[in-house]
Structures are given as C-alpha cells and as structure tokens.
Trainee: 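First the structure, then my questions, so here it is.
Proteins get letters first, then strands, A, B, ... in listed order; numbering begins at 1 in each. Only this structure's heavy atoms are used, side chains among them; waters, hydrogens and symmetry mates stay out.
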Number of protein chains: 2
Amino acid sequence: MSNNAGPVRHARMRERNLGVVLAEVVRHQPVTRARLADLTGFTKTTVSNLLAVLADAGLVRDGGLVHEGERGRPGVAVSVDGDGTAGLGLEINVDYLAACVIDLGRRVRHRHLVAADNRGRSAEAVIEALARLAEQALASATEQGLIVAGAVVALPGLLDRERGLLRRAPNLGWTDAPAGDLLRAGLPPLRLPADQDNEANLAALGELWFGAGRQLGDFVHVSGEIGIGAGIVVDGQVFRGAHGYAGELGHFVVEPGGALCACGGRGCLEQTAGQEAILRAAGLTELTATSAAGTDGSLSALITLLEAGDARALAAVTRAGEALGSTLASVVNLLDPDTVVLGGIFSPLAPWARPAVERALAEGSGTLRGSVPPVVVSGLAGGAAVLGAAGLVLDRIVADPALLL
Amino acid sequence: MSNNAGPVRHARMRERNLGVVLAEVVRHQPVTRARLADLTGFTKTTVSNLLAVLADAGLVRDGGLVHEGERGRPGVAVSVDGDGTAGLGLEINVDYLAACVIDLGRRVRHRHLVAADNRGRSAEAVIEALARLAEQALASATEQGLIVAGAVVALPGLLDRERGLLRRAPNLGWTDAPAGDLLRAGLPPLRLPADQDNEANLAALGELWFGAGRQLGDFVHVSGEIGIGAGIVVDGQVFRGAHGYAGELGHFVVEPGGALCACGGRGCLEQTAGQEAILRAAGLTELTATSAAGTDGSLSALITLLEAGDARALAAVTRAGEALGSTLASVVNLLDPDTVVLGGIFSPLAPWARPAVERALAEGSGTLRGSVPPVVVSGLAGGAAVLGAAGLVLDRIVADPALLL
DNA sequence: CATCATTCGTCCATAATCTGGACTAATAAA
DNA sequence: TTTATTAGTCCAGATTATGGACGAATGATG
C-alpha cells in the first residue's frame, strides 16, 4: 500500500528537524529561541542545538534583542542570514532570456532580462547565451558576498526532468534538446545540482512566494507568454502529474477543427488566447520581439489600443478571455483550486480580459459546488518564472538544510 | 516556504519505522527478517525489534521456514496476520447500499449489497438502513474472529470531510446532510474514527488495491454509476484538491445549452453519458432499481440489446463514449495520468463504448505529449468503491501502525 | 534603590532508538 | 564430519531529544 516515507535513522531525524526549525525562522523572521520552542514543539535545549548547526552553516544568525512579553529577560533575535546563501534563477523563453539571484532572506539581489527571439536558434546557441547571463549573475552575487548554492532553469515546454531533457517545446521548435547537460557544462559547478522545470510550474511558485499567492495555499496560476500553461499549487507544492506534464492548458481544444497549432493539433487554446493570436485578431501584425527590451513591444501597442477603446482589440481580448475562462472551468471542476491567478500577458490585459474570463468560468463551473473560485490578477506578470526558479533553490534548502552540510 | 513535516521526536521516528517495516511485509508477504533488513535498510536487530512490536499488536506473525539462498540457515517467514485486524467498507449510492469487510491480508471476508432506491428517502432513513448493514458485517467479522479497526463510508456527492457533512448530492437530492454524525451514532465505536469519502475517490483506490490499478501508480479512474466522477491517483495517493471536490467529471459542460441537470447547470456530461441518459437514449424507459438485486436491471437490458446489435442502443453508448472521451482529453491534458481506467457502468459497456472513448481521447489530447495514455477496463465494475473504503482503513493502519497502540 | 516575579537561554543527567560487531543456530556442500 | 554460509539475537555504543535546574536579564513593586 502507499507509503512514501523511507526509514528514519537518527541522522534523518535531525535533518528533518533542522528543516522544521529553519522553516519556522523563515516564517517568523526575527524570532527568539523560546518562541521557536513554542512554535515547533521542541524543548528550548533542542532548538538551541539545532540553531547552532544552522548558524554554523551560515543559514541563520543572531541579531539584537527582542522583547515579546511585558516583563522578563529579552530574547535573542534569530533571523535568516540574508547575506550568505543565495539561489540562481534562469529562464529561457520564446522571446527573452532572464536571470535573477535571490538571497535566503528573499530579497532580489540581481535581475536581468534580455529580449531575444529564440525561435529559430539552436538549443546550443541559446543555452550558451543563457550561460553568459548566468555568469554575470554569479559575478554580481559574489561581488555582494553571496554564495550561490544552486540554480534552476525555467523552460517553456514538456521536459523529462530525470534525464535533463527538454522533450518538446513547440513554440521554440526544439525537440529532445539536452538542455540539462548543456547547462551543466556551461555553468560553474554549484553546491546543489542544476535543475530545470516547466516555466508554468515555476511561475506559479514565483507567485506563491513573491506575489499574490503569498496568502494562498492552493491555486492555479495561468502563465501565458507565447504559450499558455498552468501551474497547479496544492498545499504549497506544485502538482506535476505522472510525467511532469500536468497543467498543459495551451493545447486544450476550444474550437474543434480550428486553426492549426504548432503542436500538430487544431483549435488549441493557444490559437485563440495565445499572445500572437490575440495580436493578430486585434489587427497588429507581429513585430520582432527585439523591438523592445523587457516587455514585448506589440503587447504594449495592444494595450495602447485597448486604452483608446479600439473595438477590434477589445473583441480580440474578450474572445481570448472567454476561451480561457471556459478552459479554466474544466480546471476548476477537475482540480478544485481555491483561487485562480491570472499571470503572464493576462496580468496586464486583465482590466479588459477579466470580465470575460469570469463570465465563462462561472458558466462552466460552480453549478455543483455553489461557488466559483475568485480570479486574482498577478502583480508579477512575466517575471514570475525566474523568481520561482530562484525561489525553488531556496525552498529546497529550507526544506532540507542538510543539503549544505 | 513549504514544509509539511512536523518535528520528529524519538517516538515519531519509531512510529514511522513501524510503518516502513509493515508496508514491506505487506508487499513481500512471506518474508524473512534478513530480507526485510535488506529491503528497508535497517539492521537485522532493528527489524527484529520492530517486528516484535507489530506482532504484539497482532499485525504480523511468524509462519514456517523459508529458504531464500542456496545454503545457510533458513529464515522465519513473517507474514501479515490476516486473522486479526480488518476494515469495514460501507457505501451509500443512488440505487443500492453496500458493505464489506476486508482483513489485513486483503481477503474479502464479507460482502453484501442490497438494491434500494434511495432517491426519495431522507438521509436519516438511509443511514439507518446502512447501519443495519454494518451491524451484519460486524457480526460476520466477529464470528470469523476478526477485530474491525475502523470504517469508511463512500458517498456519492461533495462532502466536507472535516465537518462530516455531505454538502451536496444532486442525484440523491440531499443537501448538507450530517452523514458523519448520523453514522457515528448508528455504529458501535471502533478503534479508529469512522470516516467518509467521495465514492469516486474510493472507487479509484479500490481499483488500485484490488483491481487493474495494482500495477499502476498514477491513473485516473472513471466511476460512473448514476453520476460520473473521477478518482485521481498520483503516486498511490488520491488527489482531492483544496476542498476535496477534485475529479467532479459529471458536471463538465459537453453541450452548452443542453439538457438541464440536477446540479442546476445545462449540458453536463451526466446528461449525455450518465446511466439514465444512456438508457433513455437507447429507448429503455427506466425501471426501478429494485427490480434486480446487485446490478441494475435496465443496465443488463441495455447490454442484451447491445449484444443483439441494436442500432439505437449502440448509438447511445457511442455518443456517451465520445462525450466521455473528450472530457477525458481535458483530464489528460491537465493531470497527465499514466493510464485511464474505465469503471462503474463503463466497465460492462466497454466492449461498445471503448472505441468511441479512445477516439475522442486521442483527438483531444496527445497532440503535444505524443502519446495517449492507454484506456484500461476495470474488472471490479460497480463494486470498487466499497472495496476501496475498506482498503482505506487498512491502508491507514499500514502507513501508521501506531494507530493501534 | 532593592527585591520579586518573570522570562530567556544553557547545562547536565536521562531516556529512547538505531547501529554494528560478536555470537549462536541451522542448513547445504564438500 | 567438517566447512562455508545464512538467519536471528545479544549487548555495548553512538546519536539525539527531553526535562528539570540554574544563572541571566528585565519590568514591576515597594
């Protein structure tokens, strides 16, 4: 029957407990040993011992004094050491590359995004360019006295995480690209092995840790850039499915027999609600992504049109919102999330798209359950995935500090 | 950040390890201490100590001798004690009530199903009838020398597991029925608290432990009786969603503006692929369920028609299969299961429905991922949920034997 | 200003649990 | 009969959390 816990020896017990204490320090930032004992259920002695190990590893440090009660001896403030360990987040997307460094205290220490049309280029060339971005990020980190413990790359496609393979990325035109190996070769070795994950999954985690998801535990995050994916977060963890392909919203069939998609199917959601489809429907011939750094130029052109009240643009966005909303209705019926978060391009487009999304969502779901989950707009927009990637490195450390000795 | 593991004290360490050893005994049935040491990674000493505790609790026992290698002293065969602890499974469905008792060795010791149209009846009355069924089951168990440790009830609707409330069961016509309290009152107190779960979730678990799912770890199980639900199993665990409503397939909209559903919506899958809808489309006026014990009489009438090659019946089943298949395509895109299992009424109907299901499934999914998950037919058909309910009791014990001292 | 109650953190003896090597038992092969 | 091999137990040792005692630091009280 089901049993996911392996044998627990003394060493493993301690490793877990280190994680428990560190997680509590992260959650309650300047906190005394006595309060940590309350929070965790350990004795003060045990808390002190565990903290000593964490301090040796450079993960926490004592700050000033804190007075919690009215009388009594003040406690020593224990905080996360934000000047020691950091995580490196990287992202390859269809029209840009990105890198960021975040320290254990969750401050963004470095962030860099370069527009680049990666559609035609080979995986080797793109990863080479990403490696240069990573080098800059690492240099910036060491300059600030940080030690980068690990890296995670966000990729827009289906990937085989075990073998480090990007199996299919229809929007990049890549098939079976050995992204993992290439990246490992391009990067200096870090303490933790470089890992990769789906862009949509990491965007959802970015939202969870740095955006609207902070208060949420269970939600679905729609991350639409060129493609459309969903990151499903349940109880603070990403739901990946059997092969890691869960949440592939972009290729839901919303219009049987509709436009041909890069994936080979017809009438996929991306062909109605993807960035290019929206721009085309709005009458904006697509410009090359390099025309603007950071955000895509044509997207801001679309927003200008929308702000001016252009009917054709509004119709395109409304139609996209409806298609997305009815797809999300299926998601809600199946996964029962607490909240739906609109990210990616849907975040800036929300003022115009959201009503349509909510309408279609309410129509297709909620009849049985009684309530429709609220639709929230991400404040991070396109930047969520890199942040999530860097955050994932830190999350792993917090969950199991023993990874760093 | 995410950390689901609480503090680990010595006692908790031992409890987990008891579960690890017991799970390995269950998996490899007659097994020696030495091999258990290999399997778990513990020393032989530790295995012996843990087994002593499990034996005291009546969960395992020593059998004869086993010779594993070519030479050397033979080992003592340790097996699960199938004559001690058992689990009670109960089920309330629209047209029947069921109960079963399964021992730790996974043998079904008692099984009883009574046809009963529960549609008009009050929750109190139905639960009263179920309690009588449970009493018979308990009597049968004690007669066989078994101690029933706990019970789980399968219910066809959305439920609030924490408050023990059946929130909505459109096919029964119940709203906010305090099923949990009623049941606890009707049953003698057991060692573990009586619990309840969705019929679809438990059917999936039944399939996992007693049916086609044995070899599978990740699958989606469609359990269609009157309503249509899906149980999502990931890594041997049911995926429930934020509020426990995940997998509600029956109210996917497959025909916008279609027939009115009991849930209040229009064009729900149940209105096309539900048992009553199929029978109606096949020209069979629905008979009362009490006309046959065990299986629904009209369903076997439908099968007779199908076997005779009746065109109208075939068209009805094909249409249902197509609707189900296109809904399953969404499921596959979102959840990425390894396999799709057809259970409930779709199990006997599979010879006629399966091609349509597979066609629609292949059409809507698989374009991106390259492969469509295989569609497997359950051998348990309607009985899966009760089995899963009883199995869940046993699964909890195996995962944490400390529950029984 | 001295005293007291209170709270914080550490020290130390104790208890629980797993490990690892030594030892006995039982079997097949030589 | 002897030897090699494997199974299971025993016992000392190591690791880790516990719990009470104790000193330290602070506000309240008189």
Side-chain angles (χ1 to χ4, degrees), chain A residues 5-21 24-25 28 30-56 60-79 401-402 405, chain B residues 5-21 24-25 28 30-56 60-79 401-402 405:
Chain A
V8 183
R9 335 146 115 55
H10 283 112
R12 184 80 201 119
M13 172 164 82
R14 169 147 273 212
E15 289 171 8
R16 292 236 180 128
N17 290 341
L18 285 170
V20 169
V21 170
E24 226 56 56
V25 173
H28 299 277
V31 61
T32 66
R33 286 165 170 75
R35 197 152 118 76
L36 282 172
D38 267 0
L39 289 166
T40 59
F42 290 123
T43 60
K44 291 181 292 178
T45 308
T46 303
V47 169
S48 286
N49 290 336
L50 292 171
L51 283 176
V53 176
L54 293 173
D56 277 349
V60 301
R61 65 182 161 196
D62 287 355
L65 297 185
V66 176
H67 224 153
E68 304 214 304
E70 279 308 294
R71 20 170 174 261
R73 170 178 164 182
V76 179
V78 179
S79 313
L405 261 190
Chain B
V8 183
R9 330 143 121 53
H10 282 110
R12 185 83 200 114
M13 173 164 81
R14 171 147 269 211
E15 288 172 9
R16 293 236 178 128
N17 291 342
L18 284 171
V20 170
V21 171
E24 227 55 57
V25 173
H28 300 275
V31 63
T32 67
R33 287 164 168 74
R35 196 152 119 75
L36 281 171
D38 267 359
L39 289 166
T40 59
F42 291 122
T43 59
K44 290 182 293 178
T45 307
T46 303
V47 169
S48 286
N49 290 335
L50 292 171
L51 282 177
V53 176
L54 292 174
D56 277 350
V60 301
R61 64 182 162 196
D62 287 354
L65 296 185
V66 176
H67 225 154
E68 303 216 303
E70 281 306 295
R71 5 167 186 268
R73 168 179 167 182
V76 179
V78 179
S79 314
L405 261 190

Trainee: Please examine the side chains of B:V76 and B:V66, heavy atoms only from C-beta on, and report whether any two atoms are closer than 4.5 Å.
Mentor: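 A side-chain contact under 4.5 Å is absent here.
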
Trainee: Looking only at side-chain N and O atoms, does A:T46 come under 4.0 Å of OP1 or OP2 in D:dA17?
Mentor: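 For A:T46, the contact criterion (side-chain N or O under 4.0 Å from OP1 or OP2 of D:dA17) is not met.
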
Trainee: State whether A:T45 places a side-chain N or O below 4.0 Å from either non-bridging phosphate oxygen (OP1 or OP2) of C:dT10.
Mentor: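 For A:T45, the contact criterion (side-chain N or O under 4.0 Å from OP1 or OP2 of C:dT10) is not met.
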
Trainee: State whether B:R9 places a side-chain N or O below 4.0 Å from either non-bridging phosphate oxygen (OP1 or OP2) of D:dT18.
Mentor: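 Affirmative; the distance criterion is met.
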
Trainee: Regarding B:N49, tell me which of base, sugar-phosphate or nothing describes its non-hydrogen contacts under 4.0 Å with the strands shown.
Mentor: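 No contact.
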
Trainee: If you check every side-chain atom of A:A34, which of C:dC8, C:dC18, D:dT26 has the closest atom?
Mentor: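 Closest nucleotide among those given: C:dC8.
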
Trainee: For a quick test of reading the model, state the closest non-hydrogen atom pair linking A:T43 to A:A37 and the distance between them.
Mentor: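 Smallest interatomic distance, heavy atoms only, reads C-CB, 4.1 Å.
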
Trainee: Mind checking if A:V47 touches a base, just sugar-phosphate, or nothing, with heavy atoms under 4.0 Å?
Mentor: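 Nothing, no nucleic acid heavy atom in range.
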
Trainee: Has B:N17 got a side-chain N or O lying under 4.0 Å from the OP1 or OP2 atom of C:dT17?
Mentor: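 Result: no.
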
Trainee: Let's see if you can work this out: which of D:dT15, D:dA17, C:dG9 has an atom nearest to the side-chain heavy atoms of A:H10?
Mentor: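 Among the listed nucleotides, the one closest to the side chain of A:H10 is D:dT15.
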
Trainee: Could you check which of D:dG8, C:dT10, D:dA28 has an atom nearest any side-chain atom of A:R71?
Mentor: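 Closest nucleotide to the A:R71 side chain: D:dA28.
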
Trainee: Is the closest side-chain heavy-atom distance between A:H10 and B:H10 below 4.5 Å?
Mentor: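 Yes, at least one pair of side-chain atoms sits under 4.5 Å.
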
Trainee: Between B:R14 and C:dC18, is there a side-chain N or O to OP1/OP2 distance below 4.0 Å?
Mentor: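 Yes, B:R14 has a side-chain N/O under 4.0 Å of OP1/OP2 on C:dC18.
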
Trainee: Does a side-chain N or O from B:T43 land closer than 4.0 Å to OP1 or OP2 of C:dC18, or not?
Mentor: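 So the side-chain polar atoms of B:T43 never come under 4.0 Å of the phosphate oxygens OP1 or OP2 of C:dC18.
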
